[in-house]
Enquirer: 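What follows is a single structure, and I will ask about it in a moment.
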Amino acid sequence: MDPASGDRAALVNLGQLAPGEYALRCAGESRRLTVSARPWRAVTDALIKGLYYQRCGCALKEAHAGAYRHPACHTAPAVDWLDRAASRRVIGGWQDAGDYGKYVGPGAVTVAHLLYAWKLFPEGCGDALNIPETGSGIPDILSEALWELRWMLQMQRDDGAFHHKLTKARFAPFIMPQDDLETEYLMPVSHCATAAAAACLALASRVYQPCDPAFAAEALAAARRGWEWLQAHPDFEPFRNPEGVRTGWYGEQTDLDDRFWAACELYAATREPAFRAEAERLYARGQHLTSFGWADVGGLGALCCLFDLGEEAGSVLYTQLREDFLRQSGHALALSRASGYGTALPADGYVWGSILPILSGAMAMILHHRLTGRREMLEAALLQWHYALGLNALDLCFVTGFGQRSVQHPHHRPSGADGVEAPVPGLISGGPNQRFPYPTTRERLAPDTPPAKCFLDETPSADTNEIAIYWNSPAIFVGACFNSIPE
Ligand code: 9MR
């Protein structure tokens, strides 16, 4: 019994199959199976390319985007929400999700997933993605991340703080990005955005040092200025949408996890003991070391300590943190074992964007395996990847453009407005959401619909079927891992 779906699930062992095409028949239904040694390259590459399709401020040319080409969008100067006389051009970045907003914290997390995917699994990330920079000598995944990083630098205010977001006052209707001409505003700064940007830019300064030293220096200087602002503003103030603003909130209860991540990355980038002391102090406040999402970034700090700094991090940030990490990541395995589909989410865990905790669990188990070699961790992590690709109660591949049954109507403005029948490929849907559905979704589902089936493959359903950059990115991390496992 699978508690989250009410399904009876069974595991069929097909034994060893030679590469080729097969049909699997059961109870009058038939599915094609492709068996190959490297089955996930194309989908992982497409997930990276999916971020290219989210690029803002530039034309997507036919040579790279095919039927999904469009002219440049969002090139007008942005106005400061708090000082309407002030405006400046802020160009680039990725559109966050199905809307055209750009948000610093979620962008920082997305970039971090890409940079760590590349650091840990370079051979798992394709380098022939047909983006404008392909063939430049810089790996495509790093070029794609730079698109966001260069935008992030422009989101910093003179005093070092980062604006929380660059959005309009309201979400656009379902129009193409180039037709979205209303004023974009630099919304107020926030503690969480500043700390996440500082962390991400410090990480980027190390990653890009060999290929773009000028950018690396600029990124580190910006990270330091962000950190100085945080030191001068120790009291956390949650971001709130100003009166009249209805775009994404990304509100948080604390910035301790963001500051922890920033202290770790700044220590890794500079080796200055003050950053380590601050990271140790923040770690002692308690961190969720297996959270890798936009709201809780403790796991990114752990990634930095365990896999970049290693034993150099010292007894607290390595030895003790490692033990803590192994214990916390054991939770994902227990959840996976309790699920009929092996999904590392409890029945009451189907939130908006349930794909995120599921893929976060996969990341935690992958890292656990890397630290200990425990095989069952990797096997359970693989089940989360399978979940994303179709081993789930909806019998649906959540990545657009892949599989025999995949999401067709994501809540994604270009997919809805471009006149092309198929959605933009390589985007992953947030998936079932039982906890905070729209009333309109609730109405369309039977009242006893089990959590793992609270999903509508319908364009208006942002609550179950939106896409987001920070859902693509953990999938890229996980895909890159499984691409690089030796046969
Ligand atoms: O991913 C966010 C999810 O965790 C929240 O529950 C939800 C409602 O506040 O918002 C999600 O983020 C959305 C953001 O606010 C605006 N852009 C689209 C995002 C994905 O749905």
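All figures in this text were calculated on a predicted structure; none of them were measured in a lab. Indexing begins at 1, ligand by ligand and atom by atom, following the structure's order.
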Enquirer: Which word best sums up how the rings of Tyr438 and Trp352 line up, parallel for under 30°, tilted for 30 to 60°, or perpendicular for over 60°?
Expert: perpendicular
Enquirer: Relative to the ring of His191, is the ring of Trp229 parallel (under 30°), tilted (30 to 60°) or perpendicular (over 60°)?
Expert: tilted
Enquirer: Please identify which atoms of ligand 1 are closer than 4.0 Å to at least one heavy atom of Tyr470.
Expert: 1 (O), 2 (C), 11 (C), 12 (O), 13 (C), 19 (C), 20 (C)
Enquirer: Which protein non-hydrogen atom lies closest to atom 4 (O) of ligand 1, naming both residue and atom, and how far is it?
Expert: Trp294 NE1, 3.2 Å
Enquirer: Tell me, yes or no, whether the heavy-atom count around Arg246 atom CZ, taken from other residues, nucleotides or ligands under 6.0 Å, exceeds 12.
Expert: no
Enquirer: Heavy-atom distances under 4.0 Å are what count here, so tell me which part of Phe436 touches ligand 1: side chain, backbone, both or neither.
Expert: neither
Enquirer: Distance to the ring centre below 6.0 angstrom and angle to the axis at most 45 degrees; does that hold for Arg225 and Trp227?
Expert: no
Enquirer: Relative to each other, are the rings of His74 and Tyr100 parallel, tilted or perpendicular (30° and 60° limits)?
Expert: tilted
Enquirer: Considering only the protein, which heavy-atom contact is closest to atom 18 (C) of ligand 1, and what is its distance?
Expert: Glu466 OE2, 3.1 Å
Enquirer: Please identify which atoms of ligand 1 are closer than 4.0 Å to at least one heavy atom of Asp96.
Expert: 16 (C), 17 (N), 18 (C), 19 (C)
Enquirer: When you look for heavy atoms under 4.0 Å from ligand 1, do you find them on the side chain of Trp471, its backbone, both, or neither?
Expert: side chain
Enquirer: For atom 6 (O) of ligand 1, what's the nearest protein heavy-atom neighbour? Residue, atom name and distance, please.
Expert: Trp352 CB, 3.5 Å
Enquirer: Nearest non-hydrogen contact with atom 19 (C) of ligand 1 belongs to which option: Phe171, Trp249, Tyr250?
Expert: Tyr250
Enquirer: Using a strict 4.0 Å cut-off to heavy atoms of Gly248, name the atoms of ligand 1 that fall inside it.
Expert: 15 (O), 16 (C)
Enquirer: With a 6.0 Å cut-off (strictly less than), is the heavy-atom count around NE2 of His288, excluding the residue itself, greater than 12?
Expert: no
Enquirer: Within the supplied structure, the quantity of interest is the number of heavy atoms (other residues, nucleotides, ligands) at a distance under 6.0 Å from Lys119 NZ; does it exceed 12?
Expert: yes
Enquirer: Any protein heavy atom lying closer than 4.0 Å to atom 9 (O) of ligand 1?
Expert: no
